[in-house]
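Proteins come first, then strands; the chains are lettered A, B, ... in the order of their sequence lines, and each starts at number 1.
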Amino acid sequence: MSQKPSTIRAVKGTRDLLPPETALWQRIERECRHVLSAYNFEEIRTPVLEQTALFARSVGAETDIVSKEMYTFEDRDHQLLTLRPEATASVVRAYIERGLSNEGRIQKLYYLGPMFRRERPQKGRYRQFYQIGAEVLGSDHPLIDAETLEMLMLLLERLGLKQSSLLLNSVGCSRCRPEYVKLLRRELEPVKSRMCADCQRRIETNPLRVLDCKVEADQPIIGRLPSILDHLCPECRQHFETVTSELKRRGIPYEITVRLVRGLDYYTRTTFEIIHGELGAQNALLGGGRYDGLSEILGGAPTPGFGFAIGEDRLALAVEAAHSLEAQTRPDAYIAWMGESALAPALELARSLRREGFRVEIGFEPVKLKKMLGQASRLRARFAIIMGEEELASGRLQVKDMEAGQQEQVAPELIGPYLWERLKA
RNA sequence: GUGAGCGUAGCUCAGCUUGGUAGAGCGCCAGACUGUGGAUCUGGACGUCGCGGGUUCGAAUCCCGUCGCUCACCCCA
C-alpha cells in the first residue's frame, strides 16, 4: 500500500540551468568580467536580502516593482525583509554605509547575481532572474555616460550581438522634470476621453507612461505631445548634448526615443535601453541611466551616479539565437582500459593528466572496448587513450584521435605533451 | 492581476474532429562485430495519455473542474 510521494517541482518562474547551458553562461560572464575590468570596474557583492525600506525609498513606492512585485516577508524579529528586485539600491546603500565616498575617487563597481520579482513568467522574464550590472558613483560628468555606453557596445560586439539598437533619452532632473510633467498633464486633460483606459489612468498616476503607450488609436495624440527634450533645463540639455556628441565621435549609433521612460523613480537625465530581436516581447537586453539624486534619497551625501543592468537570461537567449559562442564542453581524453590489471595504471594516468590540467574521463566498470569507445564518442572526447595487456606489455599506449579516426603509439610519459601539442591547434 | 494555446515514451510529436487493444522518429539497451566509437541491419525495454470527477457497455478522444507549462497583455532586465 505504499503510495508514490508527489514530486516536488521548482517554484514557478524559477528554473534549473543545466549543462550545456551553464557553460554558455560561464562564457558570457567571462566576457563581461573581461570587458568590465578593461574599463577598470571592480566587483562588489551585496546581500540578496535587504530591508524592505531600501527599495521602497529608492525604486519608488508607487512603482510596479515595489507595489506588487517584491518578495517581502516578516522575519522572526518582525523586521520586514525583501529579496532584492534589483541591485543599484544595494550598491548605493553599501557605498554610503561603508564610506566609500571617503576614498576620494570615483567608484566603479560591478555585480552579478540573482534578482527576484513576482511577475507572471514569460519568454525572457522569470521570477528569479539574473543581472550583470555596474555603477559609477561620484561624478555627473557626461563622459561617464558616454564611456559606459561605449563599454556596453564593445561587450555586445564581443558576444556577437551585432543587431542590437541603443535607445537613448533624457528624463531631466528634479528641477525640469516636474515642470514637464505638469505641461504634459495640461496637454492631455482635454483629449483624455479619447484615449485608452490605461492612458486615462496614467494621466493621473504617471503621465510620462502615456508616451510609452502602444495602443494604435492613441498614437496620433501621443505624436503631438511636447517632447521632454524641448523642456530640459539648460544644465540637463548641455549634459545630453555632450553625451550624444561623444557617442557620435565614437561612431556609436543610437536612436533618440522620447518615449523611453524608465520604470524606476530614481532616474535622472540620461536613460537608455538596448533592445534585441529574437527576444520576443521582452526585448530589452539591458537598461540603465543616471541617478544623481539616489544617494540623498537613501540618506547619504549628494552623490551622482550612473549605471546599468544587463538581463543575463535575455543575453543568453540572444547569444544562443546568434550562435556566436560555442557552449559545448568536451573532454580532452577518455581513457579506455581493458582487463583488471590495466585499471590501476589507467587511474594513475587519469590522475597525472588531470594534474596537468587536461579534462579527462574514465569509466570504472570493466566493459568491452567497443563500449568504452562508444562512451568516448558520446562524450565527444577529442582523444581516446587505449590501454590493455598489449599496451602495458609494450609500454606504448594507443592514442586515438576520435575525429580523424587514426591512432598512434605513445609512451605513457609523453602523452601529456602529445595531447597538448594537438589540442592547442 | 488578465487573456490565449498546450500537457501522450527519456526527447520531439502524431492519434482527439467521427469514443472501440496507445503509435512514429530520435535516443537508450543487446546482437551481427570475443581489442576499436560514429554508418547499416536485426531484436529489445520503456507510458498511471498531467491530476480528479462526470457521460458511456467502453474515454487519450466528449463534458466539468483542477494543477502545471508556454506565449501575450501589463511592466521591466
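Q128(A) and Y130(A) are linked by a side-chain donor-acceptor pair at a separation below 3.5 angstrom, with hydrogens and angles left out of the test. For the residue pair T88(A)/E135(A), the side-chain donor-acceptor check at 3.5 Å is satisfied.
Residue contacts for Y334(A): at a heavy-atom cut-off of 4.0 Å it reaches no nucleic acid atom on any strand shown. Using a 4.0 Å heavy-atom cutoff across all strands shown, E390(A) reaches at least one base atom of the nucleic acid. Backbone-only engagement by L285(A) is indicated by non-hydrogen atom pairs under 4.0 Å involving sugar-phosphate atoms exclusively. At a threshold of 4.0 angstrom between heavy atoms, the contacts of E391(A) include nucleobase atoms, whether or not backbone atoms are also involved. Here G288(A) lies out of heavy-atom contact (under 4.0 Å) with every strand. At the heavy-atom level, E312(A) lies nowhere under 4.0 Å from the strands shown. Using a 4.0 Å heavy-atom cutoff across all strands shown, E86(A) reaches no nucleic acid atom at all.
One cannot find a donor-acceptor pair under 3.5 Å joining the base of C75(B) and the side-chain atoms of R120(A). Not a single donor-acceptor pair, N or O on each side, falls under 3.5 Å between the base of C69(B) and the side chain of K12(A). Below the 3.5 angstrom threshold, one finds no donor paired with an acceptor across the side chain of R117(A) and the base of C75(B). Applying the 3.5 Å distance criterion, the base of C71(B) shares no donor-acceptor pair with the side chain of R125(A). For C74(B), the base has a donor-acceptor partner in the side chain of Q122(A) [N/O atoms by modelled type, under 3.5 angstrom].
In a base pair of the Watson-Crick type (N1 to N3 plus N6-O4 or O6-N4) or a G-U wobble (N1-O2 and O6-N3), with each distance short of 3.5 Å, G25(B) is matched with C11(B). When Watson-Crick and G-U wobble pairs are counted only if both distances are under 3.5 Å, G47(B) pairs with no nucleotide at all. Nucleotide C71(B) forms a pair with G3(B), judged by Watson-Crick or G-U wobble geometry with both contacts under 3.5 Å. Figure legend. U18(B) is base-paired to no nucleotide; pairs are counted as Watson-Crick or G-U wobble with both atom distances under 3.5 Å. Across every strand in view, U34(B) sits unpaired, with no contact that passes the Watson-Crick or G-U test at under 3.5 angstrom.
Along RNA chain B, the nucleotide closest to R118(A) and the one closest to K400(A) are compared, and the more 5′ of them pairs with R118(A). Both Q131(A) and E403(A) lie close to RNA chain B; mapped to their nearest nucleotides by heavy-atom distance, the more 5′-ward contact belongs to E403(A).
For the pair R15(A) and Y126(A), the cation-pi test (distance below 6.0 Å, angle within 45°) is passed. In this structure, R118(A) forms no cation-pi arrangement with F116(A), as its terminal cationic atom is not both closer than 6.0 Å to the ring centre and no more than 45° off the ring axis.
Among the nucleotides C73(B), C76(B), A77(B), the one closest to the side chain of E119(A) is A77(B). Distances from the side chain of E69(A) to the nucleotides C33(B), C74(B), C75(B) place C75(B) closest. Of the listed nucleotides (A72(B), C75(B), G35(B)), A72(B) has the atom at the smallest distance from the side chain of K123(A). Considering only the side chain of Q398(A), G35(B) comes nearest among G35(B), G37(B), A72(B). Side-chain proximity of R378(A) to G37(B), C76(B), C28(B): nearest is C28(B).
Ring-plane geometry between F306(A) and F272(A) is classed as parallel, the angle between the planes falling under 30 degrees on a 0 to 90 degree scale with a further cut at 60.
Contact check, K370(A) against G37(B): a side-chain N or O comes under 4.0 Å of OP1 or OP2.
Within 6.0 Å of atom CZ in R98(A), 12 or fewer heavy atoms from other residues, nucleotides or ligands are found, so the atom counts as exposed in its surroundings.
For the pair Q409(A) CD and U36(B) P, the interatomic distance rounds to 16 Å; values are reported in whole Å.
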